[in-house]
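Below is one structure, written out as structure tokens, with a few remarks after it.
Throughout, protein chains are lettered first and strands after them, A, B, ... in sequence-line order, and every chain is numbered starting at 1.
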Number of protein chains: 2
Amino acid sequence: MPVTIRQVSEAAGVSVATVSRALNDSDHPVNAETKQRILDIAEKLGYHPNHIARSLRADRSPIIGIICDDITSPFTTMIVRGIQDRLKADGYFCVVINTDWDPIDEQRAIKDMAGYLIEGIIFAETFHQFASDELNVNDKKCVFVHRLFPKGFPHSVIPDELYGGRLAVNHLIQLGHRRIGYINGSEDYYSSEERLLGYKTILKENGIAFDPALVEYGHFEVEQGYVAANKLLELPEPPTAIFAANDLMALGTIYAAQDKGLHLSDDLAIVGYDNQRIATISRPTLTTVTLPCFEMGQASAELLLALLNNEATDSQEIKIKGELLIRESCGAKTKDTVSAPKKPSRADRFNLLNAQNDTKG
Amino acid sequence: MPVTIRQVSEAAGVSVATVSRALNDSDHPVNAETKQRILDIAEKLGYHPNHIARSLRADRSPIIGIICDDITSPFTTMIVRGIQDRLKADGYFCVVINTDWDPIDEQRAIKDMAGYLIEGIIFAETFHQFASDELNVNDKKCVFVHRLFPKGFPHSVIPDELYGGRLAVNHLIQLGHRRIGYINGSEDYYSSEERLLGYKTILKENGIAFDPALVEYGHFEVEQGYVAANKLLELPEPPTAIFAANDLMALGTIYAAQDKGLHLSDDLAIVGYDNQRIATISRPTLTTVTLPCFEMGQASAELLLALLNNEATDSQEIKIKGELLIRESCGAKTKDTVSAPKKPSRADRFNLLNAQNDTKG
DNA sequence: TTCAGTACGGTAAACGTTTACCGTAAAATA
DNA sequence: TATTTTACGGTAAACGTTTACCGTACTGAA
């Protein structure tokens with residue numbers, strides 16, 4: 001049987017109200033000695049608060065709901081970690097629900113959360129894209145990570161895709177490349193549009209004409225990167241560098257280059273996107289632009305907390321910038337090599353956050 | 001303002017008790033017509049139950065707590081998905097807490113969960129290993145996935161490591177190999193002990209003498225696999241096949257073989273473990289033993305539900321068997337190739353569960 | 001006709017908190 | 001001294017449910 005406030009009050013010889021005040025640093029004054037005595041007794045008895053009762057009385061619970069489409073995605077989990085990291089200090093709890101892309105599950109999750117008096121929900125999505133359908137969130141306060149609503153739905157946190165595209169291509173230009181291929185993501189993705197725009201603008205700023213023949217599309221898979229890279233490399237005037245919209249297609253590009261007998265990165269420089277695990281273990285290791293999921297998670301939590309405190313009411317669209325991590329595939333100088341043993345680290349084994357030994361550009 | 005049971009009762013002209021009975025299919029009889037009318041009104045008014053109030057009254061909440069050390073690990077998330085998959089049917093909610101390996105956070109999570117009247121907790125851990133310290137779970141019902149307690153702590157669900165080791169090595173033996181190297185995980189891991197035992201027993205059963213020189217150790221990183229593979233390949237009598245305790249070290253083995261100019265898989269056959277994403281995109285793709293995390297998650301949820309219903313009281317240690325997925329690296333016939341485009345699938349992009357086009361052995 | 005059983009509905013308590021309201025005594029102010 | 005303020009504590013209501021208990025009316029059996 002868990003210890004209740006009543007048992008503490010009996011042990012201390014005071015009323016439950018006094019105990020409650022003592023435990024919650026209430027504005028209502030409590031004698032200092034009495035308060036200390038109550039705290040000691042509560043400690044000794046092993047009291048901890050019943051959040052359920054507390055929430056019922058307060059008509060709100062200190063829980064933040066997180067709804068994600070695919071919890072097995074490394075992007076999503078990193079967002080979740082960022083959220084929890086930010087929320088930890090404020091004593092919030094997180095409920096994570098995985099919908100597996102099912103809109104019915106999503107609606108059910110929203111309804112269930114309402115039943116738990118959850119006031120705020122963060123939607124953590126795997127891909128950055130437009131939302132086609134209206135979402136019924138029952139006036140709940142929401143922040144969307146990676147989802148953009150056509151009608152300007154209030155609050156979203158997204159990566160700065162345009163900046164990322166510029167970052168990648170600018171690096172290749174700085175390395176002397178003038179003919180740079182781009183393997184974009186699928187055309188119906190917001191990220192694809194934006195990164196392509198970044199690609200175009202940075203070319204223009206450097207006086208390089210845009211050549212549509214240098215742009216191919218793929219659906220983020222290794223195989224499609226392989227096919228696209230082959231097309232680019234078989235052009236009459238092939239590129240000397242290829243920027244791929246994610247690390248998997250960049251890996252496909254590596255394979256295509258290998259099959260053509262090209263030397264990486266003398267004959268072909270490659271830059272990927274996302275900084276997934278593969279980027280640190282491929283041969284060559286991949287220079288890549290990070291998808292700042294952890295920071296996006298933090299920002300979304302920050303924003304939601306502001307919403308809950310009624311501090312931010314205007315519609316917000318926060319863009320988080322990634323950074324360029326320089327590794328072997330672009331030919332720039334780097335400290336990273338794949339054959340040297342690293343110091344083993346238990347916790348870092350799958351940690352995408354602190355990619356060590358990377359040169360930042 | 002959310003609709004309460006009282007408003008439904010007023011709209012229907014009955015007492016709240018009757019509404020409650022109608023909504024919950026109570027044993028206490030309710031007139032069929034009345035019941036239907038109540039349900040219709042509840043539907044029309046948009047009523048959904050306040051789980052907080054319900055839990056307070058029932059002194060238990062339909063929430064399962066999941067505590068994991070590292071939510072960014074693909075293993076952990078797959079376990080979580082398995083849990084949620086099993087629990088969905090029973091109307092349970094999941095709270096997922098990430099501790100980042102911090103015992104203090106873990107204790108706090110347990111305490112918080114008690115405050116939410118959570119009756120059962122599943123611990124989903126990334127690695128399979130012994131737990132050194134006692135855990136204070138306050139008599140809560142717990143199931144441990146991937147954690148084994150020295151004193152025979154009640155309930156755990158773990159992969160059948162011995163079986164997995166046998167599976168991998170047996171496959172290599174069937175392919176005609178007699179001299180098989182093994183790059184084991186770190187010595188202090190339960191999984192390492194068990195898989196080594198599997199390696200030894202299957203060798204013995206096939207009349208192959210165990211040679212300690214053929215066993216190296218690494219801490220699950222690519223680089224350590226590379227170093228270990230080099231040692232094995234530089235033996236006076238090098239192995240013709242290598243079994244690595246995870247896919248990352250198997251990748252290191254691939255790199256080592258490449259650096260020595262060996263042809264894969266004619267000169268050297270390789271089998272990995274875990275069936276991580278890398279196993280499907282490496283060159284060659286990796287034959288590997290799956291870590292059945294999804295199934296482990298399901299099993300742990302099943303077990304916990306039984307505990308909550310007081311159906312299973314005896315200490316249980318459930319072992320889940322993985323399976324062998326045959327790809328290119330072992331030289332066996334396979335349908336899988338890395339250059340052929342697959343049909344794009346949005347949801348499957350990061351789905352480790354249904355590795356398609358694999359031959360099962 | 002009487003009595004037991006059943007179907008159905010209502011009343012009110014209870015779950016563990018927080019907090020508005022009230023009371024008392026001491027301290028501060030006039 | 002008289003009055004106001006402050007410090008501190010207690011009482012009880014309220015949050016939305018569920019359910020034990022009670023009451024009434026009807027049905028069926030004796």
Whole angstroms only, please: what is the NE2-C1' distance between B/His51 and C/dC15?
17 Å

For A/Arg60 and D/dC15, give me the distance from atom CZ to atom P, rounded to whole Å.
18 Å

Under the criterion side-chain contact (heavy atoms from CB on, under 4.5 Å), I'd like the reasoning laid out for B/Phe144 against B/Ile121: C-alpha separation, chi angles, the key distance, then a yes or no.
CA-CA 8 Å; B/Phe144 295 86; B/Ile121 299 180; over 6 Å; no

Any residue in residues 31-40 of chain B with a heavy atom nearer than 4.0 angstrom to DNA chain C? Just list them by number, or reply none.
B/Asn31, B/Thr34

Treating A/His155 as the side-chain partner and A/Val143 as the backbone partner, does any N or O pair qualify as donor plus acceptor under 3.5 Å?
no

State plainly whether the residues B/Asp25 and B/Lys35 are in salt-bridge range, i.e. N to O under 4.0 Å.
yes

Side chains of A/Thr76 and A/Thr126: donor-acceptor distance under 3.5 Å anywhere?
yes

Start at the 5' end of DNA chain C and walk down; is the nucleotide closest to B/Leu56 or to B/Val14 reached first?
B/Val14

With a 3.5 Å cut-off and no angle check, do the side chains of B/Thr72 and B/Asp70 form a donor-acceptor pair?
yes

For a side-chain contact (heavy atoms from CB on, under 4.5 Å) with B/Tyr92, tell me which candidate from B/Leu304, B/Ile83, B/Leu308 qualifies.
B/Leu308

Please list each protein N or O that sits under 3.5 Å from an N or O in nucleotides 17-23 of chain C, with the distance.
unit_1: C/dT17; atom_1: OP1; unit_2: A/Tyr47; atom_2: OH; d: 3.0
unit_1: C/dT17; atom_1: OP2; unit_2: A/Ile5; atom_2: N; d: 2.7
unit_1: C/dT17; atom_1: O5'; unit_2: A/Tyr47; atom_2: OH; d: 3.4
unit_1: C/dT18; atom_1: OP1; unit_2: A/Asn24; atom_2: ND2; d: 3.1
unit_1: C/dT18; atom_1: OP1; unit_2: A/Arg54; atom_2: NE; d: 2.8
unit_1: C/dT18; atom_1: OP1; unit_2: A/Arg54; atom_2: NH2; d: 3.3
unit_1: C/dT18; atom_1: OP2; unit_2: A/Ser20; atom_2: OG; d: 2.6
unit_1: C/dT18; atom_1: OP2; unit_2: A/Asn24; atom_2: ND2; d: 3.0
unit_1: C/dT18; atom_1: O2; unit_2: A/Arg57; atom_2: NE; d: 3.4
unit_1: C/dT18; atom_1: O2; unit_2: A/Arg57; atom_2: NH1; d: 2.3
unit_1: C/dT19; atom_1: O4'; unit_2: A/Arg57; atom_2: NH2; d: 3.0
unit_1: C/dA20; atom_1: N6; unit_2: A/Arg21; atom_2: NH2; d: 3.1

With a 3.5 Å cut-off and no angle check, do the side chains of A/Lys88 and B/Asn98 form a donor-acceptor pair?
no

Is any side-chain N of the basic residue among B/Asp100 and A/Arg81 closer than 4.0 Å to the acidic one's carboxylate O?
yes

